[in-house]
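Reckoned from all heavy atoms, side chains included, excluding hydrogens, waters and symmetry mates.
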Protein chains: 2
Amino acid sequence: MTNEDLSSLVSYATGRELKKGEVLLNEGEVCRAFYLVDKGYLRTWYNKNGAEINLSFTFEGDFISNLKSVKSKRPSNLIIEAGEDTSVWVFDLDSMTKQPNPSPEINIFIRRLAIRILLAAEEHSNLFKIYTPTERYRLIEKNHPLLLQRIPLSQLASYLGVARETLSRIRKKNH
Amino acid sequence: MTNEDLSSLVSYATGRELKKGEVLLNEGEVCRAFYLVDKGYLRTWYNKNGAEINLSFTFEGDFISNLKSVKSKRPSNLIIEAGEDTSVWVFDLDSMTKQPNPSPEINIFIRRLAIRILLAAEEHSNLFKIYTPTERYRLIEKNHPLLLQRIPLSQLASYLGVARETLSRIRKKNH
DNA sequence: AATGGCCTGTGACCAAAATCACAAACGGCA
DNA sequence: TGCCGTTTGTGATTTTGGTCACAGGCCATT
């Protein structure tokens with residue numbers, strides 16, 4: 001990707017600062033953007049009868065979006081919010097795709113982002129199909145230790161698909 | 001998409017007939033194509049210590065591929081095979097992307113396919129994070145009844161992440 | 001109609017995790 | 001330092017789903 005392409009991409013981004021707990025994409029809203037985390041982290045979760053189920057955590061240097069909502073132009077059933085005080089770059093998809101002369105690089109950029117976000121989702125989903133809760137915890141410990149350092153146990157629990165108490169017991173056995 | 005674009009796409013496709021159980025993409029092979037199902041269905045699974053775990057079923061008019069393998073150019077750990085006698089169109093990605101003047105439409109086509117395949121994977125993965133086995137069955141019943149009609153219970157079980165016996169009992173309760 | 005192979009149903013039992021209830025630890029802040 | 005709210009640990013009990021073993025059904029082939 002050339003410098004001109006890069007700087008034209010940056011021109012579609014606007015910075016935004018969020019306090020811990022502040023919501024970036026709300027349930028019921030149509031998602032129209034990619035978010036690039038600059039500092040802090042974003043938490044993506046689903047509201048199941050009042051209980052929060054965490055689907056992903058996005059740290060510095062990584063992207064997140066709700067592609068399903070973007071693509072279908074339908075309201076999001078996920079919430080994306082700041083897990084700490086967080087600053088993000090918001091890439092507006094409408095202005096990127098609707099501009100008069102979209103460079104092929106922009107299409108390729110979007111394609112790569114989409115694949116990147118979705119492959120991450122797929123990787124996490126395989127955890128559930130292949131491994132038991134204890135095995136899932138061990139894998140996170142090995143491959144994504146950052147999660148264990150920065151995410152409260154109570155939030156990690158739903159991410160791993162277990163009760164808070166079960167995760168506490170798994171962790172205890174580890175020493 | 002114009003007619004020329006469409007017919008140029010078709011020119012990258014070759015037809016192939018498969019007997020039930022015949023393998024289209026094998027474990028260890030690098031995936032280089034999209035497959036479009038014309039008749040029958042394809043079953044995508046991976047081998048966990050000798051046990052088959054089904055990840056997706058692809059019916060008439062839908063596409064499947066192993067994008068992770070395509071993108072990384074690394075051997076597939078999934079197997080794609082015919083669940084019935086099946087005929088497919090094979091879209092060769094190398095020849096599509098490496099041709100001298102790739103039209104932007106081809107990039108967009110690939111982008112849409114990729115997103116479509118991955119959104120389906122994501123949807124299925126969310127089933128596991130959010131719902132219990134019984135809820136998963138009910139959702140399949142509601143949103144993808146075709147699966148229940150055409151897929152043997154023993155194969156559906158691993159797709160839903162439960163033991164064969166458990167699925168049999170869930171199904172019984174439903175009446 | 002009989003055979004054999006495969007697929008599905010079902011009971012008994014077991015193990016793992018959920019749930020409930022409460023105690024302990026921690027962290028900011030007056 | 002002491003207080004309060006949040007987060008984590010832990011025991012007792014219940015639920016759920018897995019595992020094992022086997023019976024019955026279905027279907028194709030002879």
Evaluate the side-chain proximity of B:Tyr35 to B:Leu25: yes if any heavy-atom separation is below 4.5 Å, no if none is.
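Yes, at least one pair of side-chain atoms sits under 4.5 Å.
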
Value in whole Å for how far the [atom2] atom of [N] lies from [atom1] of [X]:
| X | N | atom1 | atom2 | result |
| --- | --- | --- | --- | --- |
| A:Tyr137 | C:dA16 | OH | P | 19 Å |
| B:Ile53 | D:dG18 | CD1 | P | 12 Å |
| A:Leu148 | D:dT7 | CG | C1' | 16 Å |
| A:Asn49 | C:dT19 | CG | P | 12 Å |

Which one of B:Glu122, B:Lys129, B:Glu123 satisfies the side-chain hydrogen bond (donor to acceptor under 3.5 Å, both in side chains) criterion with B:Ser125?
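Answer to the side-chain hydrogen bond (donor to acceptor under 3.5 Å, both in side chains) test with B:Ser125 among B:Glu122, B:Lys129, B:Glu123: B:Lys129.
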
Less than 6.0 Å separating the ring centroids of B:Tyr41 and B:Phe59?
yes

Near-ring test A:Phe57/A:His144, centroid separation under 6.0 angstrom:
no

Its contact letters, B for base, S for sugar-phosphate only and - for none at protein heavy atoms under 4.0 Å, make nucleotides 6-13 of chain C read --BBBBB-

Can you confirm whether the side chains of A:Gln155 and A:Trp45 place a donor and an acceptor under 3.5 Å from each other?
no

Side-chain ion pair, A:Glu81 and A:Arg43, N-O less than 4.0 Å
yes

